[in-house]
Amino acid sequence: MRAAHRVILDTDIGSDVDDAMALSQLLGHPEVDLIGVTTVYGDTLLRARLARRLGHLAGREIPVHVGRTTPLSGREVWWAGHEGGLYEGLERETVEATDAIDYLVEQVVAHPGEIDVIAIGPLTNIAAAITADARFATAVRHLWIMGGAFTSQEPEHNFRSDTHAAEIVFASGIPMTITGLEATRQVEIRRDELARIGAAGELGAILVAEIEQWWKFWNEEWNVPHDPVAVLTLIEPELFEFSPLGIVTVERDGDAAGRSTFTAGDGSARVVTGLDGSAVGARIVAAIERAGLGATTEAAR
């Protein structure tokens with residue numbers, strides 16, 4: 001049976017552990033055909049190698065394409081410093097020769113209305129694809145974004161990192177669903193969940209190490225799975241409430257850069273307005289378990 005969703009994941013994997021969790025989550029959903037991954041923001045080659053390694057730990061060969069390193073806004077890239085430090089031999093991981101932008105355009109334009117794109121990092125790659133080929137925006141089935149904060153004046157990292165790219169994306173007319181901080185913060189990963197994740201083979205073990213590294217970085221004992229929450233809006237929309245369609249705008253420059261506003265009315269965007277936090281958290285962990293345990297089962301055959 002063909003998977004219900006053909007997906008390309010665009011990610012800045014490597015800093016916040018939530019990108020690694022989101023990739024693993026996608027690999028654990030039988031209804032998702034993850035046809036490729038593109039990386040964005042900063043050291044995108046390192047990010048691509050990380051994505052490849054996680055795919056291998058889940059027993060999968062996922063094509064990974066290196067994308068834009070520098071935001072269109074020119075804003076300095078934020079780098080935690082621990083990216084890739086938990087992995088041996090990461091330089092041996094191979095990535096695809098095709099640039100991420102060329103790959104996005106080729107795949108989406110060749111299969112109009114069939115491919116969902118999930119963007120969980122700064123929107124630089126997506127904006128570049130829109131600019132590179134006018135057909136891209138009309139061919140994307142739906143764009144699923146983690147970013148913004150729509151009930152506060154808080155600038156959110158993904159939008160703030162490349163406000164110029166966000167402006168291009170939100171003016172494109174692509175049908176899109178945006179999950180902001182007011183939604184993602186209703187879900188937390190705490191110590192109780194780590195035992196389940198850690199039992200999911202090699203993939204689970206490295207995710208626990210990544211989670212604990214992130215906790216140590218912030219001197220916390222919990223984290224918000226921002227990106228996995230956004231992924232779930234595609235896969236299990238019944239767990240969420242959404243706004244009517246409207247327009248998203250982002251402050252481009254100055255101290256307010258990255259602040260986002262949603263206005264209902266004519267537009268192609270909707271935002272998440274509510275969710276079942278406990279159910280969402282449980283589904284995220286369950287998908288990660290399936291990804292890790294599935295790889296363990298395959299290896300045992």
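Position 1 is the first residue of the sequence; numbering continues from there. Just so you know, these numbers come straight off a predicted model, no measurement behind them.
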- Task: Over 60° means perpendicular and under 30° means parallel, so classify the ring planes of Phe262 and Phe150, tilted if in between.
- Result: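 Correct class here is perpendicular.
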
Taking all atoms of both residues into account, what is the closest heavy-atom pair of [X] and [Y], and its distance?
| X | Y | answer |
| --- | --- | --- |
| Ala22 | Ile120 | CB-CD1, 3.9 Å |
| Leu207 | Val17 | O-CG2, 4.3 Å |
| Ile284 | Pro225 | CD1-CG, 4.2 Å |
| Pro112 | Val109 | CD-O, 3.4 Å |
| Val105 | Ala132 | CG2-CB, 4.4 Å |
| Arg68 | Asn125 | N-OD1, 2.9 Å |

- Message: Tell me whether Asn158 contacts the main-chain N or O of Gly147 through its side chain, where contact means a donor paired with an acceptor under 3.5 Å.
- Response: no

- Check: Trp78 main-chain N/O paired with Tyr41 side-chain donor or acceptor under 3.5 Å: yes

- Message: Quick check on Glu88: does its CD atom have over 12 non-hydrogen neighbours (other residues, nucleotides or ligands) under 6.0 Å away?
- Response: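 No, not enclosed.
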
- Query: Quick check: are there more than 12 heavy atoms from other residues, nucleotides or ligands sitting under 6.0 Å from CD of Glu91?
  - Reply: yes

- Determine, using the 4.5 Å side-chain heavy-atom cutoff (strictly less than), whether Trp214 and Ile288 are members of one ILVMFWY cluster. yes

- Query: For the hydrophobic clusters of this structure (ILVMFWY residues joined by side-chain heavy atoms under 4.5 Å, transitively), does one cluster hold both Val140 and Val231?
  - Reply: no

- Query: Got a sec, which pairs hit side chain to side chain donor-acceptor pair (under 3.5 Å) with one end in residues 253-263, sequence neighbours left out?
  - Reply: none

- Message: Suppose the criterion is side chain to side chain donor-acceptor pair (under 3.5 Å): which pairs have a residue in residues 171-182, not counting sequence neighbours?
- Response: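 Applying side chain to side chain donor-acceptor pair (under 3.5 Å) to every pair that reaches into residues 171-182, excluding sequence neighbours, yields His142-Thr177, Thr177-Arg270.
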
- Hey, is Arg190 close enough to Glu220 for a salt bridge, meaning N to O under 4.0 Å?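 Here Arg190 does not pair with Glu220 in a salt bridge, since their nearest N and O are not under 4.0 Å apart.
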
- When Trp144 is tested against each of Asp116, Asp10, Thr233 for side chain to side chain donor-acceptor pair (under 3.5 Å), which residue passes?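 Between Trp144 and the candidates, side chain to side chain donor-acceptor pair (under 3.5 Å) is satisfied uniquely by Asp116.
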
- Note on the structure: Tested for side chain to side chain contact (heavy atoms under 4.5 Å, CB included) against Asp16, the lone hit among Glu210, His226, Met21 is His226

- Message: Considering only residues two or more places apart or on different chains, which pairs with a residue in residues 123-140 satisfy salt bridge (charged side-chain N to carboxylate O under 4.0 Å, His left out)?
- Response: Asp133-Arg135

